[in-house]
Amino acid sequence: MKSKFILLDLDYTEFNNRVYLELTGRINGKKTVLLYDKFLPYFYVELSDESDADRIKQIKEGDFYVVSTEWLEKTIISEEKKLLRVYLNTPRAVKPIKSIIRKEIKSFVQIYEANIVFIKRFLVDNSFSMFSQYDIEYEKSEMESNYTQPCFFLKSIILSKEQQAYSPKVLSIDIETLSEGEEINPEKEPIIFVSLYSQSLQKAFTYQKYENPENFVEFCQSEKAMLERICECIKEQDADIITGYFSDGFDLPYISKRARIINASFQPGYDNSGIRVTGSSFKVAKIKGITHLDIYRFIRGIMNASIDSDSLSLAAVSRVLLGEEKHEADFDSFFKAWKNQESLNRFAAYNLQDSRLCYLLSEKIVPSIIELGKLSSLPAFQACRSSFSMLVESHLLKREKEFSMLSPPLPEESELRKRQRTSFEGAFVYQPSPGFYESLYVFDFRSLYPTIIVSHNISPETVNRSSKKKIDSPVEGVWFSQDKEGFIPYVLKDLIDARAEIKRKIASADDREKTILNARQYALKTVANATWGFFAYPLTGWYSYDCARSITAFGRHYITTIIDKLKKAGFSVIYSDTDSIFVCLDGKEEKSLMQEIDKINTELPGIMELNFEGKFSTGIFVSTKGTMTGAKKRYALMSQDGAISVKGFETIRRNWSEIGKEVQMKVLEMILSKKPNNEVESYIKDVVVKIRAKKIENRKMIITTQLKKPISEYESRAPHVAAAERLREAGKRAAPGTIISYIVCSEGKKIADKVRLPEECEQGDYDTDYYINNQILPSIEKIADVVGINAKELITKITQSSLDKFF
DNA sequence: TTTAGTCGGGG
DNA sequence: GTGTACGACTAAA
């Protein structure tokens with residue numbers, strides 16, 4: 001039989017001492033299992049005496065044996081070697097047979113690539129990936145199995161020439177538990193709501209009936225019946241992907257545990273298996289045949305750096321990525337309603353909201369996970385949970401065959417120690433002069449480090465090799481051969497070119513294509529930018545101290561050279577960080593600046609290029625605490641359309657009252673839009689007077705801090721600890737992780753004594769001095785200083801004069 | 001300033 | 001699972 005096949009999941013199993021790959025996917029839309037035995041695990045052995053190959057061929061140890069061997073020419077870094085590829089009957093045989101070869105083969109030198117998991121090996125060798133389409137030949141399988149899906153024996157599989165975009169079916173899940181104690185405990189606390197969200201199903205399930213339920217609520221008889229109903233729905237939905245938010249660490253393990261405790265049957269796997277939870281510190285949950293993607297895991301591992309939010313909670317991430325506010329929960333009132341058998345519609349809506357938000361996030365993020373999986377030949381399940389280094393490692397592994405290369409062996413213990421102790425100089429950051437600037441031109445390098453690697457052919461096999469033509473590193477005694485293109489520059493150039501090509505295509509693509517192309521260029525960018533870091537990552541064979549420190553040294557070299565050139569041409573350079581430069585015209589023409597940049601670009605080597613990033617109408621750079629020198633990485637800019645971007649001011653983060661944040665933002669805005677000093681001063685005066693007059697709403701005075709550990713474990717009584725004590729006295733939960741809200745009130749001596757919960761505090765009963773001196777002043781002092789306003793003096797003066805009025 | 005330890009998300 | 005985990009941030013040294 002022949003057919004088209006969409007690959008969804010990969011696993012392996014053993015029959016009669018022989019490994020079979022288990023490919024799950026769709027044939028004509030129906031989920032099907034295919035068993036395949038034509039791919040075997042292998043590794044490479046280096047021998048000093050080739051005749052020992054015959055002995056290796058004969059190795060057999062219990063159920064494990066060498067199936068066959070072949071000689072191949074491979075390159076390790078820059079050494080060409082003849083290596084014996086040894087095929088085994090099962091992955092389980094690798095470890096024992098490896099140690100037999102080590103011990104018993106006299107001419108044994110080294111083993112290569114013996115640590116690559118079987119499934120990855122299969123994907124990497126064939127450049128296969130999930131959700132791609134294949135032409136397959138298959139036949140009836142005679143093997144006994146407990147698969148719920150049809151099962152066949154696969155005879156051949158090749159990637160289809162024509163790839164049609166496949167949109168996987170996604171189902172999101174979220175649970176609510178009755179957790180009133182200090183800790184969430186699946187042994188005792190039941191699951192009371194479960195919601196499922198997909199294109200065809202949007203429901204919240206519960207087992208306590210109440211009057212007038214919303215139409216998205218479905219009642220079940222008991223917790224057990226509810227879980228079994230959920231399992232049934234998951235099977236009916238027949239999704240390709242199941243997603244949740246922190247579902248690795250919470251939802252799925254909780255369901256699994258709970259099902260066991262209350263004796264509910266929960267076996268959604270295609271072989272009737274349940275949820276498999278592995279890992280201790282970081283749990284991983286797997287369902288056989290459905291790819292489980294924990295959206296939180298991916299955001300934390302990969303997207304974290306590019307997301308501008310103060311936490312990675314579902315609420316914060318939805319706000320940033322979806323522009324949707326999450327309606328926050330009041331669990332106390334939810335639980336009260338549950339106990340008193342009142343309406344649970346609000347609880348149900350909250351529950352459904354979470355799986356809905358997760359579903360919407362999935363629409364944005366799952367394409368990126370899939371494309372990262374395709375690029376580095378990892379199953380989507382792995383791509384979702386991978387670190388940058390794993391993505392790069394796997395991508396390089398896939399590309400090796402284009403260079404007949406193998407991964408260099410991993411470091412020994414002592415070498416690893418040495419690497420971990422080694423550090424090197426990073427990027428260049430220009431010390432700004434604090435002040436207010438107008439007409440700032442910003443330029444930056446597009447992918448600075450990748451373009452340096454490509455332009456100078458930086459690679460482990462080109463560093464310090466004798467060569468006809470070479471380029472010296474700024475690092476003393478280090479050079480790079482230019483005779484032959486290195487592996488890493490070759491791979492990076494390809495990634496950069498592929499991304500440029502996709503960006504061209506995006507312009508004329510329809511919405512559906514755009515989503516995929518965007519995800520693809522994101523994947524290319526992510527892997528390209530992470531690759532240079534591999535040189536500095538101690539746990540890999542690609543580690544190279546000389547490459548790593550040369551790359552940052554080249555970066556510093558080019559950026560400082562350009563700064564000098566611009567200064568010489570009469571422009572003033574205000575700031576620079578790693579790959580960007582901020583320039584002021586200083587009375588010169590914009591045209592001549594652009595000409596200077598063009599000239600700089602013709603002098604830059606290879607594919608390195610300085611781009612015009614944008615023009616900002618105003619900007620301020622502040623000084624560091626107690627000095628006159630400019631602070632690095634702390635500035636605010638206003639673009640020509642009036643949009644403000646703020647970098648590095650800690651006040652924007654939490655732990656500050658609304659009033660502090662508001663005043664800082666307002667003062668920044670006034671200064672950036674060139675309001676005269678007297679207006680700024682009168683605004684500050686106005687705020688201070690209002691605070692003194694108790695006219696600011698209490699709401700804006702609330703300070704929030706997260707309680708990090710149990711109250712009893714705090715040695716010192718910090719304000720938020722004092723607030724947590726009061727919370728507990730009021731009969732509420734104050735467990736680690738709780739966000740404590742409090743107001744500093746006027747009664748008491750120490751700050752901790754003055755702390756009150758917002759509900760205990762009457763309007764205006766806040767400590768005016770505290771808010772003025774600890775919230776307002778520090779948030780604006782440095783900023784006001786830039787335009788010559790002494791905020792401290794100003795505030796003291798206001799205080800004086802209002803005292804004068806008083807007496 | 002360097003080092004060890006904890007926490008992240010979830011209810 | 002043919003291996004092993006991070007990394008940012010804070011409190012203590």
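No hydrogens, no waters, no symmetry mates; every other heavy atom, side chains included, goes into these values. Here is how names work: the chains are called A, B, and so on, in the same order as the sequence lines, proteins then strands, and each is numbered from 1.
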Asker: Just by modelled atom types, is the S376(A) backbone N or O under 3.5 Å from a matching donor or acceptor in the S394(A) side chain?
Answerer: yes
Asker: Where the side chain of F331(A) is concerned, which of dG8(B), dG10(B), dG11(B) is the nearest nucleotide?
Answerer: dG11(B)
Asker: Name the closest nucleotide to the R300(A) side chain, picking from dC6(C), dG9(B), dG11(B).
Answerer: dC6(C)
Asker: So what does R385(A) hit on the nucleic acid, given a heavy-atom distance under 4.0 Å: a base, only sugar-phosphate, or nothing?
Answerer: nothing
Asker: If you measure from the P atom in dG9(B) to the same atom in dT10(C), how many Å do you get, rounded?
Answerer: 13 Å
Asker: Can you check whether P186(A)'s main-chain N or O pairs, donor with acceptor, with R258(A)'s side chain at less than 3.5 Å?
Answerer: yes
Asker: May I ask you to list the residues of residues 111-120 of chain A, by number, that have any heavy atom positioned under 4.0 Å from an atom of DNA chain C?
Answerer: A114(A), N115(A), I116(A), V117(A), F118(A)
Asker: How close or far is atom C1' of dG9(B) from atom CZ of R297(A), stated in whole angstroms?
Answerer: 11 Å
Asker: Return the nearest nucleotide to the side chain of Y245(A); candidates are dG10(B), dG11(B), dT2(C).
Answerer: dG10(B)
Asker: If I take atom CZ in residue F334(A) and atom C1' in nucleotide dG11(B), what distance separates them, rounded to the nearest angstrom?
Answerer: 11 Å
Asker: Reckon L314(A) touches a base, only the sugar-phosphate, or nothing at all at heavy-atom distances under 4.0 Å?
Answerer: sugar-phosphate
Asker: Take atom CZ of F250(A) and atom C1' of dG10(B), then tell me their distance rounded to the nearest Å.
Answerer: 5 Å
Asker: Taking for each residue the nucleotide of DNA chain C with the nearest heavy atom, is it Q382(A) or V284(A) whose nucleotide lies nearer the 5' end?
Answerer: Q382(A)
Asker: Under 4.0 angstrom, heavy atoms only, what part of the nucleic acid is R121(A) near: base, sugar-phosphate, or nothing?
Answerer: base
Asker: With respect to the side chain of T177(A), which nucleotide from dG8(B), dT2(C), dG11(B) is positioned closest?
Answerer: dG11(B)
Asker: Would R385(A) and F381(A) count as a cation-pi pair here, with the cationic atom under 6.0 angstrom from the ring centre and within 45° of the axis?
Answerer: yes
Asker: How far does the P atom of dG8(B) sit from the matching atom of dA5(C), given to the nearest Å?
Answerer: 22 Å
Asker: Counting the atoms with a prime plus P, OP1 and OP2 as sugar-phosphate, which does Y42(A) contact under 4.0 Å by heavy atoms, base, sugar-phosphate, or nothing?
Answerer: base
Asker: By the 4.0 Å heavy-atom rule, please label D11(A) as base, sugar-phosphate, or nothing.
Answerer: nothing
Asker: Return the set of residues passing side chain to side chain donor-acceptor pair (under 3.5 Å) with Q420(A) (not counting sequence neighbours), or none when no residue passes.
Answerer: none
Asker: Within 45° of the axis and under 6.0 Å from the centre of the six-membered ring of Y112(A), does NZ or CZ of K74(A) qualify?
Answerer: no
Asker: Taking atom P of dG11(B) as reference, at what distance in whole Å does atom CZ of F347(A) sit?
Answerer: 9 Å
Asker: Heavy atoms only, 4.0 Å cut-off, all strands: where does D248(A) land among base, sugar-phosphate and nothing?
Answerer: nothing
Asker: Could you please spell out the steps behind the salt bridge (charged side-chain N to carboxylate O under 4.0 Å, His left out) verdict for E187(A) and K257(A)?
Answerer: CA-CA 8 Å; E187(A) 310 269 342; K257(A) 184 138 212 187; 3.4 Å; yes
Asker: What is the distance, rounded to the nearest whole Å, between atom CD1 of I299(A) and atom P of dG10(B)?
Answerer: 11 Å
